[in-house]
Amino acid sequence: MPQSNWNAKTVLVTGAGRGLGKRFAIGFAKLGAKVVLLSRSKGELDAARLEIEHGGGNALRIVADVRDREHMAAAMDRIGVHFGSLDVAICAAGILGPIGPFLDADFNLWRETIETNVIGVANTCRAAVPGMKERRSGKIVVLVGPGSEAGRPNFTAYAASKTANVR
């Protein structure tokens with residue numbers, strides 16, 4: 001889309017403090033979108049917001065955990081107060097999880113990966129979709145990568161979570 005079409009759009013990016021999430025947030029800000037940066041790490045969000053604002057963009061920082069439905073509902077409320085409505089949600093929050101044979105993996109880390117990568121996407125969608133449905137407009141993008149296409153030995157939590165998102 002041409003830059004002018006993004007000037008009136010609000011884009012939420014989960015996992016916006018680093019990695020692909022941060023890159024997406026900066027990219028949408030450069031297109032002129034109002035960007036909502038969401039992550040668990042305040043320091044990383046502050047740095048991302050500073051980078052966007054130094055580039056002339058507009059960003060709202062929200063410290064929240066995608067695994068928590070109440071956090072995501074509160075995030076949508078803040079988006080409504082600051083920007084009105086949400087047009088696009090980019091689900092970029094994700095973790096690699098434990099690496100190694102399934103039976104040797106720390107199961108708490110395995111569960112955290114599933115909760116972040118699958119439940120986090122579900123919570124984001126459950127929070128974003130009602131407003132989009134009401135306006136009959138909106139887009140949700142879920143990042144998955146090659147871990148969803150084929151089994152990856154020693155990456156069972158990541159592969160299972162990304163395959164779940166695709167399915």
Side-chain angles (χ1 to χ4, degrees), residues 1-99 109 112-132 135 137-148 155 157-158 161-162 165:
M1 276 189 187
Q3 183 173 356
S4 61
N5 290 345
W6 286 101
N7 287 338
K9 303 289 184 190
T10 300
V11 179
L12 164 67
V13 182
T14 68
R18 64 177 173 222
L20 287 174
K22 182 178 179 182
R23 302 278 43 108
F24 272 100
I26 291 168
F28 278 107
K30 286 180 180 176
L31 290 173
K34 296 171 283 189
V35 178
V36 180
L37 307 164
L38 189 140
S39 175
R40 294 183 288 184
S41 172
K42 182 183 181 306
E44 290 176 348
L45 287 179
D46 288 343
R49 184 169 116 188
L50 189 62
E51 190 170 341
I52 287 171
E53 290 178 348
H54 278 186
N58 187 0
L60 170 66
R61 176 189 54 89
I62 299 177
V63 177
D65 187 338
V66 295
R67 297 174 298 175
D68 187 313
R69 279 183 65 188
E70 291 178 10
H71 282 199
M72 296 310 295
M76 289 305 144
D77 289 343
R78 280 196 61 204
I79 291 167
V81 167
H82 286 273
F83 293 137
S85 61
L86 179 65
D87 299 291
V88 179
I90 307 291
C91 300
I95 57 176
L96 190 57
I99 300 170
L109 295 176
E112 180 185 19
T113 305
I114 299 298
E115 289 173 352
T116 301
N117 297 357
V118 179
I119 302 303
V121 168
N123 287 340
T124 301
C125 291
R126 289 179 66 93
V129 166
M132 291 176 175
R135 288 186 330 282
S137 176
K139 302 285 185 217
I140 296 176
V141 177
V142 179
L143 303 183
V144 291
S148 64
F155 291 88
Y158 179 79
S161 68
K162 295 305 182 172
N165 285 331

Asks: Looking at residues at least two apart in the chain, or sitting in another chain, which of them share a side-chain hydrogen bond (donor to acceptor under 3.5 Å, both in side chains) with D46?
Replies: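 In terms of side-chain hydrogen bond (donor to acceptor under 3.5 Å, both in side chains), with neighbours along the sequence ignored, D46 is linked to K42, R61.
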
Asks: Would you please name every residue forming a side-chain hydrogen bond (donor to acceptor under 3.5 Å, both in side chains) with E44, sequence neighbours left out?
Replies: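 For E44 the side-chain hydrogen bond (donor to acceptor under 3.5 Å, both in side chains) partners, ignoring immediate neighbours, are R18.
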
Asks: Looking at side-chain heavy atoms only, is the closest gap between M76 and L86 below 4.5 Å?
Replies: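 A side-chain contact exists here, since the closest heavy-atom pair is under 4.5 Å.
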
Asks: Let me know which of N7, N58, L60 forms a side chain to side chain contact (heavy atoms under 4.5 Å, CB included) with K34.
Replies: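 Among N7, N58, L60, the one meeting side chain to side chain contact (heavy atoms under 4.5 Å, CB included) with K34 is N58.
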
Asks: Pick one: which of L45, V63, D65 meets side chain to side chain contact (heavy atoms under 4.5 Å, CB included) with R40?
Replies: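 Answer to the side chain to side chain contact (heavy atoms under 4.5 Å, CB included) test with R40 among L45, V63, D65: D65.
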
Asks: Side chain of K162, backbone of L143: donor and acceptor closer than 3.5 Å?
Replies: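 Yes.
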
Asks: Tell me the side chain to side chain donor-acceptor pair (under 3.5 Å) pairs involving residues 70-96, sequence neighbours left out?
Replies: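 Every candidate side chain to side chain donor-acceptor pair (under 3.5 Å) pair involving residues 70-96 fails, so no pair, neighbours aside, qualifies.
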
Asks: Supply the atom-to-atom distance I140 CD1 to M132 CE, rounded to the nearest 0.5 angstrom.
Replies: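 Atom-to-atom, I140:CD1 and M132:CE are 5.0 Å apart.
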
Asks: Is I79 close to I62 at the side-chain level, that is, under 4.5 Å between some pair of heavy atoms?
Replies: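 Contact flag for I62/I79 side chains = yes.
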
Asks: Identify, with sequence neighbours excluded, every residue that meets side chain to side chain contact (heavy atoms under 4.5 Å, CB included) alongside N123.
Replies: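 N123 satisfies side chain to side chain contact (heavy atoms under 4.5 Å, CB included) with R69, M72, I119 only.
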
Asks: Tell me whether E51 is salt-bridged to R23, with the criterion being a basic N under 4.0 Å from an acidic carboxylate O.
Replies: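 A salt bridge is present here (some side-chain N lies under 4.0 Å from a carboxylate O).
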
Asks: Might you point out which heavy atoms bring V35 and A29 nearest each other, and give the distance in Å?
Replies: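 Distance-wise, the nearest heavy atoms are CG2-N, 3.6 Å.
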
Asks: Measuring from atom CD1 of I52 to atom NZ of K30, what distance do you get when rounded to the nearest 0.5 angstrom?
Replies: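 It comes to 9.5 Å.
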
Asks: Could you note down all residue pairs passing ring pair (Phe, Tyr, Trp, His ring centres under 6.0 Å) where residues 8-38 supplies at least one of them, sequence neighbours left out?
Replies: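 Residue pairs with at least one partner in residues 8-38: W6-F28.
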
Asks: Could you report the tightest heavy-atom contact between S39 and G17, atom names first, then the distance?
Replies: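 The answer is CB-N, 4.0 Å.
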
Asks: Working to the nearest 0.5 angstrom, can you tell me the gap between I90 CD1 and T124 OG1?
Replies: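 It is 11.0 Å, given to the nearest 0.5 Å.
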
Asks: Taking all atoms of both residues into account, what is the closest heavy-atom pair of N117 and G94, and its distance?
Replies: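 Minimum heavy-atom contact is OD1-CA, 3.0 Å.
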
Asks: Of all the heavy-atom pairs spanning A75 and L38, show the shortest one and how long it is.
Replies: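 Closest heavy-atom pair between A75 and L38: CB-CD1, 3.7 Å.
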
Asks: With sequence neighbours excluded, tell me which residues meet side-chain hydrogen bond (donor to acceptor under 3.5 Å, both in side chains) with K139.
Replies: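 So K139 forms no side-chain hydrogen bond (donor to acceptor under 3.5 Å, both in side chains) with any residue.
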
Asks: Counting N and O atoms only, with roles assigned by atom type, does the side chain of T14 sit under 3.5 Å from a partner on the main chain of A93, one being a donor and the other an acceptor?
Replies: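 Yes: the side chain of T14 pairs with the backbone of A93.
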
Asks: Using modelled atom types and a 3.5 Å cut-off, is there a donor and acceptor pairing between side-chain atoms of T116 and backbone atoms of T113?
Replies: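 No, because the side chain of T116 does not come within donor-acceptor range (under 3.5 Å) of the backbone of T113.
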
Asks: Would you name the heavy atoms of L37 and A59 that are closest together and state the gap between them?
Replies: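 Shortest heavy-atom contact: CD1-CB, 3.9 Å.
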
Asks: Please report the shortest heavy-atom distance between P130 and R126, naming the atom on each side.
Replies: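 The pair with the smallest heavy-atom distance is CD-O, 3.1 Å.
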
